[in-house]
Amino acid sequence: MTERHKSAISHHPWLHRFAVSTAGATILLIVAGALVTSNQAGLAVPDWPLSYGTWMPPMVGGIFYEHGHRMIGASVGLLTIILALWLWRAERRSWLRCLGFIGVAVVVLQGVLGGITVLYLLPWPVSVGHASLAQLFFCLMVSLALFTSKGWQEETPPLTEVGVPSLPRLSIATALAVFVQLVLGATVRHQVLGIVPHLLGAALVVVVVAWTVRRVLLHHNQKALRQPVKALAILTALQLALGMGSYLARLATADAPQPQPLMVALTVAHVAAGALLLATSVVLALQTHRLFDQRSAIESRLFPATQRVHP
Amino acid sequence: MNLRNIAAFASLFLLLLVIGCGSAEQPAEETAATEAAPAAEPIDPATAATISGKVSFEGTAPRRRRIRMDAEVACAQMHSGPVYSENFVLNDNGTLRNAFVYVKSGLEGRSFPTPPDAVVLDQKGCMYTPHVVGAMVGQTVRVLNSDQTTHNVHPVPKNNREWNRSQAPGANAIEATFARDEIMIPVKCNVHPWMKSYIGVLKHPYFAVTGEDGTFEIGNLPPGDYTLGVWHESLGSSEMQISVAAQESKTVDFVLEKAG
């Protein structure tokens with residue numbers, strides 16, 4: 001790392017830790033949301049923004065899940081506001097400061113969608129939108145944690161491109177495929193679509209992930225790429241097992257009078273692992289683009305525009 | 001800066017819109033459909049017929065599923081033993097409880113006055129009592145909470161308006177009406193997911209729910225040709241054609257089988 005580059009680094013360890021904690025709180029929020037749906041408690045609290053006309057209703061039955069979800073949501077909202085303000089004060093990169101406030105806008109929108117879905121008795125476009133935006137918000141929080149890390153600003157060996165499509169494009173395709181799959185999963189959970197589109201989506205994700213993992217492990221030595229793809233491979237295998245398990249548990253307990261603990265546990269784990277899979281694919285895509293950009297920057301330094309020969 | 005302002009204003013607008021438009025206390029009363037119904041024609045008791053019978057089950061009875069309400073102590077204490085789901089209750093004589101029997105067709109062109117008495121649906125020991133009930137279009141359904149815990153009452157109709165209201169212990173009864181006939185309207189409590197009830201809503205009073213002996217009786221019926229329907233939560237629906245003459249008492253039995 002050059003002295004000039006070192007001085008350009010804007011790294012605040014405690015800010016980074018706070019961003020990581022906010023991302024951690026967000027995955028807890030996703031787990032809480034999955035508990036609400038799996039326990040059929042989405043309408044256990046009929047009013048919003050208050051719960052039974054108060055800030056703290058009796059935490060019994062489905063109210064525990066629904067109001068607990070609201071409380072964790074409010075806490076994540078507060079953490080997001082603090083993170084945005086902290087970024088605004090401490091961060092030199094203007095785009096990152098802006099991203100902090102986009103996070104606030106998204107978490108507010110997410111809360112409003114949650115309220116609409118309760119007040120209008122779970123209209124499926126809103127419910128699926130709420131579930132999908134949760135995933136995007138988690139990715140945003142994970143991205144903020146990544147951008148505030150020291151490693152993000154350190155120079156690393158640039159990307160040596162091999163193969164078609166390029167790794168940046170392949171990594172984006174992976175993240176998109178996982179996101180579409182999560183949306184399809186939300187349509188299954190909210191009983192909009194059957195299981196078939198979700199199964200086809202799983203097959204597509206497996207193919208794209210396998211392609212990406214193979215490309216990175218065979219052709220790239222950067223730790224920043226190899227770590228996410230290893231996580232991607234493990235999470236995909238885990239996610240397939242959890243998906244199958246939750247589906248079978250759902251079938252086996254279809255005539256049960258109430259949600260069964262095993263089915264709830266498997267389904268919630270499936271949702272959480274899906275969120276981690278998406279976040280990992282987004283981290284990979286971001287790292288890939290960072291390394292690709294570094295190659296472009298090095299090329300620019302070595303061959304300034306005036307000296308470049310264009311075919 | 002502009003981007004942040006726009007985002008903030010958009011969020012605030014959405015929030016105000018939802019608070020302004022949404023309402024936790026949805027009206028439980030529905031305006032009845034303004035169809036030009038013919039005037040109620042009195043039934044002549046001298047010619048009225050009666051249909052009675054029973055609803056039996058054929059096949060291997062499914063295992064009754066136990067409800068776990070240990071976490072809800074206030075409710076668990078109201079039961080002396082284990083509580084089972086009421087979606088399939090087989091009586092000792094091989095008949096079915098909670099089957100809804102009704103005149104499905106044959107009364108078109110007639111109208112019937114709405115009964116002044118309310119149909120009562122109670123929440124007791126975190127169970128709906130009765131499990132299946134019938135009401136006429138426009139008739140008041142009064143939902144009580146006899147429990148020392150909070151419930152929400154949430155009918156999920158297809159032809160009527162859906163609503164969801166909370167009911168704390170000791171709260172006033174919730175009174176609701178349904179504007180259109182519908183077989184059947186599930187009523188749920190999302191606080192206690194095992195709590196489920198069904199309301200059959202009809203334009204006429206010719207319906208019955210089977211009890212501990214699996215029998216039903218539909219009386220004061222004008223002579224004519226009818227389709228008699230039966231609905232059961234787990235076994236689905238069935239129907240039969242029946243003709244009754246003046247003053248006739250006819251016995252018909254339904255036999256329901258487990259699908260698949």
From B:R65 atom CZ to A:Q260 atom CD, the distance as rounded to the nearest 0.5 Å = 6.0 Å
Among B:V153, B:N152, B:N190, which residue meets the side-chain contact (heavy atoms from CB on, under 4.5 Å) test with A:P46?
-> B:N152
Contact class of A:D255 relative to chain B, heavy atoms under 4.5 angstrom = both
Counting heavy atoms not belonging to B:F207, are there more than 12 under 6.0 Å from its CZ?
-> yes
Please indicate whether B:F254 has more than 12 foreign heavy atoms, meaning atoms of other residues, nucleotides or ligands, lying under 6.0 Å from its CZ.
-> yes
A:Q258 side chain to B:H192 backbone, donor-acceptor under 3.5 Å | no
Exercise: identify the closest heavy-atom pair between A:A44 and B:V191 | O-CG2, 3.6 Å
Please say whether more than 12 non-hydrogen atoms of neighbouring residues, nucleotides or ligands are located less than 6.0 Å from CH2 in A:W14.
-> no
Output the distance between atom CZ (B:R165) and atom CG (A:L43), rounded to the nearest 0.5 Å.
-> 15.0 Å
Would you mind checking which part of B:R68 comes under 4.5 Å of any heavy atom in chain A, side chain (CB onward), backbone (N, CA, C, O), both or neither?
-> both
Got more than 12 heavy atoms from elsewhere within 6.0 Å of CE, B:M78?
-> yes
CG of A:L122 to CG of B:N164: how many Å apart, nearest 0.5 Å?
-> 8.5 Å
How many angstroms lie between atom CD of B:Q167 and atom OH of A:Y52, to the nearest 0.5 angstrom?
-> 10.0 Å
What do you reckon, is CE of A:M244 surrounded by more than 12 foreign heavy atoms closer than 6.0 Å?
-> no
With rounding to the nearest 0.5 Å, note down the distance linking CD in A:Q40 to NZ in B:K188.
-> 6.5 Å
